[in-house]
Participant: 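Here's a structure for you.
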Amino acid sequence: MIVEVEAYDGDDPAAHGFRGRTERNASMFGPPGHAYVYRSYGIHWCLNLVCAEAGAPEAALVRALEPTTGLDAMRARRGVDDARLLCSGPGRLCQALGITREQDGLPLDVPPFELRARPAAVEVVTGPRIGLTRAVERPWRYGLGGSRYLSRRFVR
DNA sequence: GTATTGATCTTCT
DNA sequence: GAAGATCAATACA
């Protein structure tokens, strides 16, 4: 269950697509409903849900999940036991799910991906995005209120 | 609890 | 040559 995301668009100096299309960020330019997976700090993979229409780069970075199924497989891939450390961070969740460049550009509505709507209304909290040096002030981080699986607490 | 550092890919200056 | 949508290990409070 997705509990934390951040938004990025083409007018955003902090976004990868801001300076145009490159080999790495190509899938961020659409079509929508696909995955954008990129290498972070040379070590980790990070997963975005592409929202781009009409060739403008837009995507939501998935920053944290609450693991609900496949806990043992996640533990095996991550090498940790604590459920709260399995997916609480963009690099962590990709390691837990086994996501790499192989999934870059794949549609999100067919296997191995599957997206479902939330079962009921939830409380969404917002705040500044994490780890940026540009456009720091934009409150484009969204989280599930009170979740214990966020990458970092939201200040209330 | 906070602070610092190393890992080392891709893009930008 | 430097910075970056990060994490884990280590040091210290």
Side-chain angles (χ1 to χ4, degrees), chain A residues 1-53 55-67 70-108 113 115 124-156:
Chain A
M1 177 169 66
I2 298 174
V3 297
E4 182 183 345
V5 296
E6 286 177 359
Y8 294 87
D9 75 11
D11 294 322
D12 181 359
H16 290 167
F18 181 66
R19 287 187 190 74
R21 188 174 186 133
T22 67
E23 186 176 349
R24 172 177 68 151
N25 67 23
S27 45
M28 191 178 180
F29 286 75
H34 288 233
Y36 164 43
V37 181
Y38 71 93
R39 182 78 92 170
S40 175
Y41 289 90
I43 332 245
H44 307 287
W45 297 102
C46 292
L47 171 66
N48 289 247
L49 311 182
V50 175
C51 311
E53 300 277 4
E58 294 173 3
L61 168 70
V62 182
R63 286 196 53 88
L65 307 176
E66 175 178 340
L71 276 285
D72 289 340
M74 293 188 190
R75 289 195 173 98
R77 282 192 280 251
R78 292 271 297 121
V80 298
D81 282 343
D82 189 343
R84 292 168 67 166
L85 296 180
L86 288 179
C87 298
S88 56
R92 287 170 175 171
L93 92 247
C94 281
Q95 187 183 11
L97 299 181
I99 291 176
T100 69
R101 182 141 220 142
E102 293 178 20
Q103 282 75 42
D104 184 41
L106 294 186
L108 296 168
F113 285 111
L115 271 182
V124 175
V125 292
T126 65
R129 295 175 292 181
I130 292 182
L132 304 186
T133 58
R134 324 183 65 165
V136 183
E137 74 289 350
R138 301 193 188 190
W140 285 1
R141 178 175 179 236
Y142 302 90
L144 178 60
S147 172
R148 294 163 46 242
Y149 297 89
L150 301 171
S151 65
R152 276 172 54 175
R153 296 272 178 204
F154 284 80
V155 227
R156 64 214 257 136

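In the text below, chain A, chain B and the rest are named by the order of the sequence lines, each starting its count at 1.
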Participant: Closest-nucleotide mapping onto DNA chain C: is A/R78 or A/I130 further toward the 5' terminus? I mean the 5' end.
Facilitator: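 Comparing both residues, the 5'-ward one is A/I130.
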Participant: As a test of reading the structure: which of C/dA5, C/dA8, B/dC12 is closest to the side chain of A/Y8, going by heavy atoms?
Facilitator: C/dA5
Participant: Among B/dT13, C/dT6, B/dT11, find the nucleotide with the atom closest to the side chain of A/R19.
Facilitator: B/dT13
Participant: Specify the separation, in whole Å, of atom CZ of A/R134 and atom C1' of C/dA2.
Facilitator: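 Interatomic distance, CZ of A/R134 to C1' of C/dA2: 14 Å.
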Participant: Using whole Å, report how far CD of A/E4 lies from P of C/dA5.
Facilitator: 15 Å
Participant: Determine: side-chain N/O of A/S40 to OP1/OP2 of C/dA5, distance under 4.0 Å, yes or no.
Facilitator: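 It does not, given that no N or O in the side chain of A/S40 lies less than 4.0 Å from OP1 or OP2 of C/dA5.
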Participant: Check the distance between B/dC12's P and A/E23's CD and give it to me in whole angstrom.
Facilitator: 12 Å
Participant: Out of C/dA5, B/dT8, C/dA8, which has the shortest distance to the side chain of A/I43?
Facilitator: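 From the listed options, B/dT8 comes nearest.
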Participant: Verify the contact: side-chain N or O of A/R92 to OP1 or OP2 of C/dA8, cut-off strictly under 4.0 Å; return yes or no.
Facilitator: yes
Participant: Using atom CG of A/L132 as one end and atom P of C/dT6 as the other, report the distance to the nearest whole Å.
Facilitator: 7 Å
Participant: With a 4.0 Å cutoff (strictly under), does any side-chain N or O of A/T133 reach OP1 or OP2 of C/dG4?
Facilitator: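 The answer is yes; a side-chain N or O of A/T133 sits under 4.0 Å from OP1 or OP2.
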Participant: Without decimals, in angstroms, what is the distance between A/W45 CH2 and B/dT8 C1'?
Facilitator: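 My rounded result for the distance is 13 Å.
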Participant: With DNA chain B as reference, determine whether A/R101 or A/H44 sits nearer its 5' end, using the nearest nucleotide of each.
Facilitator: A/H44
Participant: Paired with B/dT8: which nucleotide, if any, by Watson-Crick or G-U wobble criteria at under 3.5 Å for both distances?
Facilitator: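 Here B/dT8 is not engaged in any pair, so there is no nucleotide opposite it.
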Participant: Given that both distances must come in under 3.5 Å, which nucleotide forms a Watson-Crick or G-U wobble pair with B/dA3?
Facilitator: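 WC or wobble partner is C/dT10.
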Participant: Round to the nearest Å and state the distance from A/R152 atom CZ to C/dC7 atom P.
Facilitator: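 Whole-Å distance recorded here is 11 Å.
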Participant: Using 0.5 Å steps for rounding, measure from the OH atom of A/Y38 to the OG1 atom of A/T22.
Facilitator: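 These two atoms lie 12.5 Å from each other.
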Participant: Measure from CZ on A/R21 to P on B/dT11 and round the result to the nearest Å.
Facilitator: 13 Å
Participant: In whole angstrom, what separates A/R129's CZ from C/dG4's P?
Facilitator: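 Computing the A/R129:CZ to C/dG4:P distance gives 14 Å.
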Participant: Check for a donor-acceptor pair, side chain of A/N48 on one end and backbone N or O of A/V50 on the other, with a separation under 3.5 Å.
Facilitator: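 Absent.
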Participant: Let me confirm one number: the SG-CZ distance from A/C94 to A/R78, rounded to the nearest 0.5 Å.
Facilitator: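 Here the interatomic distance stands at 11.0 Å.
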Participant: Report yes or no: is the ring centroid of A/Y41 under 5.5 Å from the six-membered base ring centroid of B/dA7, with the two planes under 30 degrees?
Facilitator: no
Participant: Is a side-chain donor or acceptor of A/R75 paired with a backbone partner of A/D81 at a separation under 3.5 angstrom?
Facilitator: yes
Participant: Hey, does A/V5 have a side-chain heavy atom less than 4.5 Å from the side chain of A/L49?
Facilitator: no
Participant: For nucleotides C/dA8 and B/dT10, find the distance between their C1' atoms and express it as a whole number of Å.
Facilitator: 22 Å
Participant: Just checking A/N25: base, sugar-phosphate only, or nothing, at a heavy-atom cut-off of under 4.0 Å?
Facilitator: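 Counting heavy atoms under 4.0 Å across all strands, no contact is made by A/N25.
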Participant: Can you identify which nucleotide, out of C/dA5, B/dT11, C/dG4, has its nearest atom closest to the A/R63 side chain?
Facilitator: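 Of all the options, the side chain of A/R63 is nearest to C/dA5.
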Participant: Does A/R152 have more than 12 heavy atoms from other residues, nucleotides or ligands lying within 6.0 Å of its CZ?
Facilitator: no
